[in-house]
Amino acid sequence: MQKHFLRLLICGLFLPSLVFAQPCDPVLQSPSTTPMSICSGQNAFFLLQNWPGAGYQAHWDFGDGNTQVATEMFVNHFYFAPGNYSAQVRYRDIGNNCYSAYFPVNVTVYPYPNAPEVNTPVRCGSGEITFTPMTNPPAYHAYQWSQDGASTWVELPVFTTSVALGNPREVYVRTINTLMGCVSGSMPYYGYAEECSPSDPYSSALVAGTGAAGLNDGPGNEATFFGIQGITYDSDGNRLLLADAFNHRIRYIDLGSYEAGSISGSGMPGFEDGEGMGASFNYPAAIAYDPATGSIYVADKGNHAIRKIHNNYITTVAGTGGAGYQDGSLEEATFRNPTGLALLNSKLYVVDHGNHCIRVIDFNEETVGTLAGNGLPGYNNEQGLSARFNSPWGITAYDGQLYVTDYGNHAIREVNPEGYVSTLAGGTAGFEDGNTSIAQLNHPTGIYGNSGSLYFTDHGNRCVRKLNSGNVYTLSGNGTPGTIIGAQSTYLSPMGITGTGSSLYVIDAFGHHVRTLVSP
């Protein structure tokens with residue numbers, strides 16, 4: 001580049017010399033290189049493809065406020081902040097002191113990946129555990145896992161391995177940018193196996209029922225039932241209330257004397273409102289008690305209706321007696337085999353078993369609506385009509401939420417009052433205790449919440465189980481069908497569960513009796 005010096009005298013002072021960069025004549029060819037993509041903190045290696053040789057310089061502007069003069073065809077530079085940079089480079093002919101035009105270089109700097117946070121898996125007893133990241137990887141990233149953090153890495157969204165009692169399993173995880181190949185540092189996580197509750201830690205004791213099907217009131221050891229399906233208790237906790245389905249009757253058991261009696265229902269299937277035994281039901285499947293009014297609500301499964309008993313008089317709240325799926329006024333609404341009831345915030349929630357959804361009766365508005373599900377079977381955690389159930393059976397209201405046994409999906413679902421549905425445990429048919437990520441259920445039916453735990457009858461596994469702090473435990477029963485009452489209890493068809501205070505009560509529908517569970 002030629003220098004031209006222009007000196008101006010102003011007020012007796014000389015201005016500094018002004019220097020102008022001149023292009024080369026003939027024109028000097030511009031440099032050429034390829035766009036660059038790296039991860040932040042990595043070394044960007046730029047290689048010029050047409051280096052003119054000795055006597056030339058490459059003047060680099062990296063687009064991040066840094067420049068460099070190089071006398072070779074390559075240069076290294078570190079970019080520390082993610083972003084898109086417009087770098088440029090030109091040649092200088094040292095002898096003629098002239099420059100080529102700038103050549104633009106696009107530089108993409110990706111954030112350097114971070115290792116994910118992973119939930120600590122804990123299971124009951126030795127067996128498989130699954131390490132699950134708390135978030136999904138960003139776009140163009142994936143998680144890699146290793147047993148030792150040094151040799152073999154496998155790319156998986158979650159990682160399943162085995163763990164033994166007293167021997168925590170260490171697993172390493174890292175994140176890889178699949179476009180660039182850069183990987184984060186690795187983080188170790190541990191999975192644990194804890195001592196399980198014994199396979200049958202609760203013993204059971206008979207409350208009422210001889211084990212034979214029948215319809216006899218009287219002392220507990222003489223009373224007979226036939227296919228009980230629903231159970232709850234009154235506000236004082238002094239009586240158990242029963243939906244004695246195959247006797248088409250609502251019964252009770254006095255917990256002071258264990259005396260069984262009848263409340264309503266003729267004992268024959270029918271659909272009649274009226275007083276006491278003059279009214280009729282058709283396979284009542286669930287029962288709920290309203291302590292504010294003293295009313296008893298009944299899911300009259302065979303009549304596809306919701307009934308109410310108040311002051312010994314039976315009326316129909318909603319349902320026409322015919323199966324259907326219709327929201328609207330109490331007079332217009334239809335159901336299909338309702339099997340569960342729960343009261344929450346002065347509303348009655350109904351498990352509409354045959355319509356695969358949760359309905360809600362608003363007494364103030366005198367309407368029936370759908371809270372979650374839309375009449376089609378499926379398995380989807382969403383809100384309202386986008387959620388899916390598969391033949392849900394039981395429901396309980398606990399701590400401001402609703403909990404549903406999703407019979408056909410072998411799962412325990414949570415539903416909030418706005419209709420958001422999530423899965424707490426299960427989803428695959430089987431019989432496995434442990435962390436909710438691996439626990440398996442088989443057609444759960446009744447459910448009851450108390451003291452931070454959910455208790456439910458696992459009908460297909462013929463047992464009573466507990467969900468607490470992210471783990472599922474078997475409390476009573478071992479999967480073997482039977483009617484053994486005592487330390488090694490067996491069940492034929494556990495259908496429902498409730499509790500008063502610290503006591504739990506279970507119905508064995510076709511064992512035709514009611515038991516209480518006794519903790520060790």
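As the structure is a computational prediction, the values presented were derived from the model and not from experiment.
A salt bridge does not link K308 with D290: none of the charged nitrogens is closer than 4.0 Å to a carboxylate oxygen. Ion pairing between R515 and D508 holds under the 4.0 Å rule for side-chain N and carboxylate O.
In terms of modelled atom types and a separation under 3.5 Å, the side chain of T224 and the main chain of N216 share a donor-acceptor contact. Remark: side-chain polar atoms of N416 are paired, donor with acceptor, to backbone N or O of E418 under 3.5 angstrom. Between the side chain of N461 and the main chain of C463, no donor-acceptor pair closer than 3.5 Å is present.
Judged by a 6.0 Å distance limit and a 45° cone about the ring axis, R462 is not positioned over the six-membered ring of F431. Taking the ring axis of F456 as reference, the NZ or CZ atom of R465 does not stay both within 45° of it and closer than 6.0 Å to the ring centre. Geometric assessment of R169 against the ring of Y190 yields a negative cation-pi assignment under the 6.0 Å and 45° thresholds.
Between Y283 and H248, the ring-plane angle classifies as perpendicular under the 30° and 60° cut-offs. Taking the six-membered ring for Trp and thresholds of 30 and 60 degrees, Y233 and Y448 have ring planes more than 60 degrees apart, a perpendicular arrangement. Classification of the Y407-H459 ring pair by plane angle, with boundaries at 30° and 60°, yields tilted.
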Legend entry - side chain to side chain contact (heavy atoms under 4.5 Å, CB included) between F271 and R307, worked out: CA-CA 10 Å; F271 191 21; R307 316 285 295 278; 3.4 Å; yes
Inset, instruction - Report the C-alpha distance between S262 and D217 in whole Å, list the side-chain angles of each, state the deciding distance to 0.1 Å, and finish with yes or no for side-chain hydrogen bond (donor to acceptor under 3.5 Å, both in side chains). - result: CA-CA 7 Å; S262 294; D217 292 335; 3.0 Å; yes
Legend entry - R249 and D244: CA distance, side-chain angles, deciding distance, salt bridge (charged side-chain N to carboxylate O under 4.0 Å, His left out) verdict: CA-CA 5 Å; R249 182 170 286 187; D244 195 353; over 6 Å; no
Inset, instruction - Let me see the working for D254 and R239 under salt bridge (charged side-chain N to carboxylate O under 4.0 Å, His left out), right down to the final yes or no. - result: CA-CA 5 Å; D254 187 297; R239 295 196 309 174; over 6 Å; no
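For an aromatic pair to be called close, the ring centres must be under 6.0 Å apart, and F225 with H513 fails this. The six-membered or imidazole ring of F246 lies near that of F510, with a centre-to-centre distance under 6.0 Å.
The one candidate from T428, I412, L467 that meets the side-chain contact (heavy atoms from CB on, under 4.5 Å) condition with L441 is I412.
In this model, no donor atom of one side chain and acceptor atom of the other lie less than 3.5 Å apart for S329 and E366.
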